[in-house]
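Only one structure is covered here, and it is reproduced in the block below.
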Amino acid sequence: SQTIHQWPATLVQPVGSPLSLECTVEGTSNPNLYWYRQAAGRGLQLLFYSVGIGQISSEVPQNLSASRPQDRQFILSSKKLLLSDSGFYLCAWSYSKYEQYFGPGTRLTVT
Amino acid sequence: KNEVEQSPQNLTAQEGEFITINCSYSVGISALHWLQQHPGGGIVSLFMLSSGKKKHGRLIATINIQEKHSSLHITASHPRDSAVYICAVRIVGGNEKLTFGTGTRLTIIP
């Protein structure tokens with residue numbers, strides 16, 4: 001069966017510090033991968049999605065970036081965090097045109 | 001105006017009541033998803049549907065493509081159903097990405 005992992009589960013970082021969130025999927029190959037953010041009191045927002053290694057589509061211009069160095073690994077990064085980057089970050093995977101399966105999420109607080 | 005609208009935003013009901021959550025969208029879609037988000041934040045996919053009706057246990061999801069409307073029903077509601085229910089659509093021509101409603105917060109009182 002397929003499982004999706006995210007770490008860390010929670011993170012408190014000062015403004016201006018770098019960020020690296022990791023997502024890995026097990027039990028599947030060549031999945032579509034997604035990064036979402038949920039700001040406090042707001043709905044889910046798609047940040048990036050990837051249909052293959054090295055293929056990243058950005059949905060929202062911001063100071064975040066994503067990379068997919070391996071088939072089942074998706075990384076969300078920032079060089080300098082802003083207060084507005086605080087939120088709940090979710091990784092998800094799917095096969096094309098099928099349901100999306102979400103990871104447990106990372107709660108990021110930028111102070 | 002959001003492409004996906006949910007109603008109500010908040011819903012409180014007594015245990016055992018029949019629950020209906022509505023989702024309307026204004027774009028052409030290839031599929032609609034219902035998701036459940038528990039207080040800890042984790043999200044579970046409940047249904048994906050493109051026509052008709054699906055049932056899983058006490059949960060029923062329906063969609064009317066012509067009216068651009070979907071409903072999620074919960075029969076014999078239970079306190080453990082308390083969660084945020086999110087409607088999301090896959091827009092035609094929008095690749096694989098989902099567009100989300102803002103969610104309905106459901107609280108079931110024992």
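These values consider heavy atoms only, across backbone and side chains, with no hydrogens, waters or symmetry-generated copies. Below, read A as the first sequence line, B as the second, and so on, with proteins coming before strands; counting in each chain starts at 1.
Taken together through direct or relayed side-chain contacts under 4.5 Å among Ile, Leu, Val, Met, Phe, Trp and Tyr, B:Ile109 and B:Ile19 form parts of separate hydrophobic clusters. In the hydrophobic clustering of this structure, B:Ile63 does not group with B:Met48; members are Ile, Leu, Val, Met, Phe, Trp, Tyr whose side-chain heavy atoms approach within less than 4.5 Å, directly or through other members. Under a hydrophobic-cluster definition in which Ile, Leu, Val, Met, Phe, Trp and Tyr are linked whenever side-chain heavy atoms come within less than 4.5 Å, directly or via other members, A:Val12 and A:Val110 are assigned to different clusters. With hydrophobic clusters built from ILVMFWY side chains whose heavy atoms lie under 4.5 angstrom apart, A:Leu108 does not share a cluster with A:Ile75. A single hydrophobic cluster is not seen to contain both B:Leu11 and B:Ile60; linkage of ILVMFWY side chains at heavy-atom distances under 4.5 Å, directly or through other members, places them apart.
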Going through the distances and angles, do B:Thr102 and A:Arg42 end up as a side chain to side chain contact (heavy atoms under 4.5 Å, CB included)?
-> CA-CA 6 Å; B:Thr102 53; A:Arg42 302 185 67 179; over 6 Å; no

Evaluate the criterion side chain to side chain contact (heavy atoms under 4.5 Å, CB included) for residue pair B:Leu98 and A:Tyr34; output intermediate values, then yes/no.
-> CA-CA 10 Å; B:Leu98 296 178; A:Tyr34 310 84; over 6 Å; no

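Taken to the nearest 0.5 Å, the CG atom of A:Leu90 stands 10.0 Å off from the CG atom of B:Leu35.
Looking only at side-chain heavy atoms (C-beta outward), A:Phe88 and B:Gln37 come within less than 4.5 Å of each other.
Looking at A:Leu44, the atoms closer than 4.5 Å to chain B (heavy atoms on both sides) sit in the backbone and in the side chain alike. B:Ile86 touches chain A through its side chain: at least one heavy atom from C-beta onward sits under 4.5 Å away, while N, CA, C and O do not.
Taking chain B as the reference chain and counting heavy-atom pairs below 4.5 Å, the highest number among A:Gln38, A:Glu99, A:Gln45 is found for A:Glu99.
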